[in-house]
Amino acid sequence: MSTEPETTQDAEPGTPGADTAADAPEPTGEDVDRAEPRPGDGDGDGPGDGSGDADGSGGEGTEAGDGAGAEGTAPAEGAAQVSEAAAELAAQRVERERIERRKAEKQAPIEAGGKLSGTAADLLAAVRAVESGEKPVATAFREPDPAPRRAAPEPARQPRPIVAPAAPAPGAAPEAVAAVRAVLAGTGAPETLAAQVVAVLGEGADDRLREDPWQLLRVPGVRPEQADGFARTLLGAECRPDDERRGTALTVWLLEQAAVAGHTALDAPALTAALSQRSVPDPDAAVQSALAEGEALVFQDALDAAPPAPVAPAAPDDTEEPQEQPVRILIGLERYALAEESLADGLARLMNSVPKEDGSAAEWERAAASAPRSAGELIRAVAAHGLVLHTGGEASRSEAAALLHAARSLGLRGWAAAHTSGGRDGFAAGHEPADGAAEHPTGGAATEAATVAGLLSGSEGPGRDAEGALDLDVLVVLDAPQLDVETAAMLVESLPDGARLVLSGDPGVLWSAGPGRVFADLLAARACPQVASRTPDPGPIGELVSGIGIGELNQVEAPGKEVVIVPVRDAGEAVHRTVQLVADSVPRAIGVPAEQTQVITPGHGGAVGTRALNTALKERLNPGPGRFGGFDPGDRIVHSPAPGRTLPGRVVKADAEGLHLDCSGAPVVVPKERVEQTVRHGWALTAHQAVGLRWPAAVVVLPGDAAAALTRPWVYTAFGRAERHLSVVHGVEQALPHAVAEVPQKPRTTRLQSLLKAQTPTTD
C-alpha cells in the first residue's frame, strides 16, 4: 500500500497490525449505518430499542432520510407518469393482497389461539400431539411433500404488456384526523402524529386509542416510554405495568424492531427477556396474549441434535423410547412468516417445474463448452435446474452475462436484475456482446438489465404475460444478498413455471436492508446447485478485498497508489483529511475528479458521520445558502423513495413543485414537505447505502469512535466500492485488523433454511 498521494509526510505505508480486540456487537443489535428510515428518537440496541444511530433510525436498513417510508414516494416528472417507487409500492400491495387471500383460505377455527391460521395452526396441533404422546417429535413437525407442479407452458412471444400500477391509497379523512388530534391534545402528545395514527389504525382511530392507549406504539417512531406516558395521562390510576394491553403492544413492537434489525422471528427466550427489560411483570403471559389475539405467530423449528458421546454398548432394551429431536420455539409477525413460507413454496415450485427432457441439452452443452472458465459450469447448472446459486465478486458478473448470452442464443428470454440503477447500467454497459455474438431472437439487445424494483413494478423489464407472470425464461438476480424476504417472495411468485432463476452475488457483503438473509439461508440449506466463480477481481484493490473476505488484512503492492492509508489522530483531523483527499489529493495525484469519488463512513451521527462530512464537503465543493431545505443546485444527494431504497443523484433546481433531482438520468421531483425525510446530501454515504454501487475512487473513513461498529462484512463492502483508487482515513488502530479477522456478520434469526430443508433434498 502507498501513503496518501502527494499530501502530507505523516502518512504511514502499509496496513496497521492486528491485536487489539474490539467488543463484538450483541447478536440482536444493529449496525450504526444500516437503519430503516423512520422518525423518532430511539438510540438503543437490539430488539428492545431498535436503533443504532444517533438520529433515531433503527435496525440495519439502508438509510437515506429519517422518516422515509412507503408514503414518501416522490412522483416522477410529468403528471401522467407514475414514479418507479409508487409502482413498486403498488405491486407490493397487490402481492400482499394475494398473500392475505391465501391466509384467509387456510383459516379454520381452533380450540385456543382463536386467530391463528395456516402454519401456526398446524404447528399448534403438532405441539399438542407431542404433548399427549400421540406422535413423536421427529414426525409431528415433518412438512408434507410439495405438491407436483404443472408442466411449464410454451413461452408466449406476443408483445409484452406493462401492468399498470394501482392508484395510491387516498389520504386520511380530515374528520378522522381531527378526532385523533383532539385525543392527542388532551394528553399533551404531539398533535402532528394525528395523520400517522389514522394511517396506521384507520377510521375510528380515536376510539381505538381511548380503548387501548398503547396502540400508539404501532405508529413508526413512537417508543415505549412515550406510549406509557400517553397511557398514564389517558387512563390515570388505571394505568399499570401489568396491563394486558401493554404486554401485547410491547410484544408486537419488539418483533417489529427485530424485523428492522433483520430478523424474521425471535427465539421465545430472547423475546421474553426483552419484555422483562421493558418492565413487563409476566413476559410469558404477554407473549401468550399476543398469540391469542393473532398479533403474532408461534413456530417450532427442529434443531440439529449434537452427536452423542461414545458409551459402552449395552444390552438392548425394548422399553427405551427414541430420543426426541431438540426444537426451538420462535415467535414472529405474520407478514414475515407468510413471506418466508411463500418464498420456500415458490422456490420448490421452480426447482420442480423445469422441463427435464426438452431437446435442448445438446445446445446448452455447446454453449457451455464455448464459454470461458467457470461460466461454462454456470451454464451447465442452469441447463438442468430451475434454481442455481452463483457466488463471486464484481468480476464474476461476466459469467452471468455469458449465461444470458447463451440463453438468448437458444431462443430464451433472458434478463438480469440488479439492486441499484447504477448496478443495472454498469452490467448492461460492461457486458455487451462482442461483434458477431448472438443477439436476442426478437432483435433486442443481448444484455438486457433492470432493477429488481423496476422489474416488480413493471416500469422496467419484459412486462408480464397473460397470466400475470414475468414474461421471461431466465432471470439472473445480481446483488442477491440484498434481497429481503418480502422482495424475494414477490419476485419468485412472479416467475412462471418452467423459468430458471439464478441468484448471483458476493456472500461477503452486508446483508439486505429489510428482514431476512435469503441468499445466506439458501447457501446454507444446500437445496440447489451452487457455482463458485473462479474469476478473481483484478488489481491491488481486488487482492486486498479478496483477503478481507477470508479474514486476512494483507499489505498489497500498489505501485500506482491504488491503495493509500492516511492515519489520523482525532475526529477533526479525520474530517479535514477526508475533504482534502476528495477535493485536492485524489483529483491531482490519481486523476479522478471529486464528483467521481465517494466517501464512506460507518454511521450518520457523530463527529465524523455522514452529516458532519457532508456539511464539510458541501462547504468546500458546492457552497451555497441552502434555501430549499438546505440544498442548492449541484449538490450531490441520495434519495430514499421507499424503505431500503437509495438512489444517488444531484439537485437540479427547486421551485413551487418541490426539489428537482436527477437520479441516474431519471428526473424526480420531491415535494417540499417530503424533502427533509427522504433526501440527504450524498458526498458521504454509509456502507449500506453504497452497496450495489461502485465509483472510480472511494475514501473510507474509520474514526476512532467507529471501532465497535466494524465487522468483516462492513469493511469488505466499504473497501470493495472502489474501482481504481481506495484511500483509508484510518483512526481505529488495531480495531480494523481485529474486525476483519474475528468479527463476522451479525446473526439474524430466520426460518427460511428450515422451511427449505423440509421441502427439498439437500444437494452436495
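For the numbers below, each heavy atom of this structure counts, side chains included, while hydrogens, waters and symmetry mates do not.
Ion pairing between a basic and an acidic side chain is recognised when a charged N comes within 4.0 Å of a carboxylate O; Asp484 and Arg517 show no such pairing. Comment: Arg208 does not engage Asp212 in a salt bridge, judged by the lack of any side-chain N to carboxylate O separation of less than 4.0 angstrom. Comment: Glu295 engages Arg218 in a salt bridge, judged by a side-chain N to carboxylate O separation of less than 4.0 angstrom. Classification of Asp632 and Arg627 as a salt-bridged pair fails, no side-chain N sitting under 4.0 Å from a carboxylate O.
Without hydrogens or angle criteria, Thr420 side chain to Gly692 main chain gives a donor-acceptor distance under 3.5 Å. Looking only at distances, a side-chain donor or acceptor of Ser512 sits under 3.5 Å from a matching main-chain atom of Gly514. Between the side chain of Thr717 and the main chain of Pro713, a donor-acceptor pair closer than 3.5 Å is present. The backbone N or O of Ala285 lies less than 3.5 Å from no partner atom in the side chain of Ser289, so there is not a single donor-acceptor pair. The main-chain N or O of Leu510 is found under 3.5 Å from a side-chain atom of Gln482 such that the two form a donor-acceptor pair. Without hydrogens or angle criteria, Thr601 side chain to Val608 main chain gives a donor-acceptor distance under 3.5 Å. Of the possible donor and acceptor atoms, none in the side chain of Arg645 sits under 3.5 Å from a partner among the backbone N and O of Ala453. Remark: side-chain polar atoms of Asp267 are not paired, donor with acceptor, to backbone N or O of Pro269 under 3.5 angstrom. Not a single donor-acceptor pair under 3.5 Å links the side chain of Arg680 to the backbone N or O of Val638. Judged by distance alone, with hydrogens and angles left aside, the side-chain atoms of Asn614 form a donor-acceptor pair with the main-chain N or O of Trp683 at under 3.5 Å.
For the residue pair Glu340 / Thr264, a side-chain donor-acceptor distance below 3.5 Å is found, with atom types taken as modelled. No donor-acceptor contact under 3.5 angstrom links the side chains of Thr711 and Gln745, judged on distance only. In the model, Gln677 has a side-chain atom that pairs as donor or acceptor with a side-chain atom of Arg674 under 3.5 Å.
Of all the heavy atoms in His688 and Trp511, the pair that sits closest is NE2-O, 3.4 Å. Smallest separation of non-hydrogen atoms from Ile637 and Cys663: CD1-SG, 4.5 Å. Annotation for Leu184 and Ala194: closest pair CD1-N, 3.7 Å, computed over non-hydrogen atoms. Residues Glu238 and Asp243 come closest through the heavy atom pair O-OD2, 4.4 Å. Scanning both residues, Gly262 and Arg748, for their nearest heavy atoms gives O-CD, 3.3 Å. Taking every heavy atom of both residues into account, Ile600 and Ala687 meet most closely at CG2-N, 3.8 Å.
Put simply, the side chain of Leu710 does not reach to within 4.5 Å of the side chain of Val743, judged on heavy atoms. Under the 4.5 Å side-chain criterion, counting only non-hydrogen atoms from C-beta, Trp214 is not in contact with Val222. Side-chain contact between Pro703 and Pro602 is present, with heavy atoms from C-beta onward closer than 4.5 Å. Looking only at side-chain heavy atoms (C-beta outward), Thr749 and Arg328 come within less than 4.5 Å of each other.
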Worked verdict on Leu266 versus Ile331 for side-chain contact (heavy atoms from CB on, under 4.5 Å):
CA-CA 5 Å; Leu266 280 181; Ile331 311 294; 5.5 Å; no

Derivation of the side-chain contact (heavy atoms from CB on, under 4.5 Å) call for Val298 and Ile329
CA-CA 7 Å; Val298 61; Ile329 300 175; 3.7 Å; yes

Given the rule in the side-chain contact (heavy atoms from CB on, under 4.5 Å) test, do Arg751 and Leu330 qualify, once you have shown the distances and angles that lead to the verdict?
CA-CA 9 Å; Arg751 299 176 52 238; Leu330 299 176; 3.7 Å; yes

Verdict with reasoning, Val509 to Phe519, per side-chain contact (heavy atoms from CB on, under 4.5 Å):
CA-CA 11 Å; Val509 301; Phe519 195 56; over 6 Å; no

Go through the steps to decide whether Asp206 and Arg210 satisfy the test salt bridge (Lys or Arg N to Asp or Glu O under 4.0 Å), and finish with yes or no.
CA-CA 6 Å; Asp206 55 325; Arg210 291 188 183 96; 3.4 Å; yes

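Within 6.0 Å of the CD atom in Glu673, the count of heavy atoms belonging to other residues, nucleotides or ligands exceeds 12.
The distance between the ring centers of Phe631 and His681 falls below 6.0 angstrom.
The distance from the CG atom of Leu685 to the CG atom of Leu693 is 8.0 Å, given to the nearest 0.5 Å.
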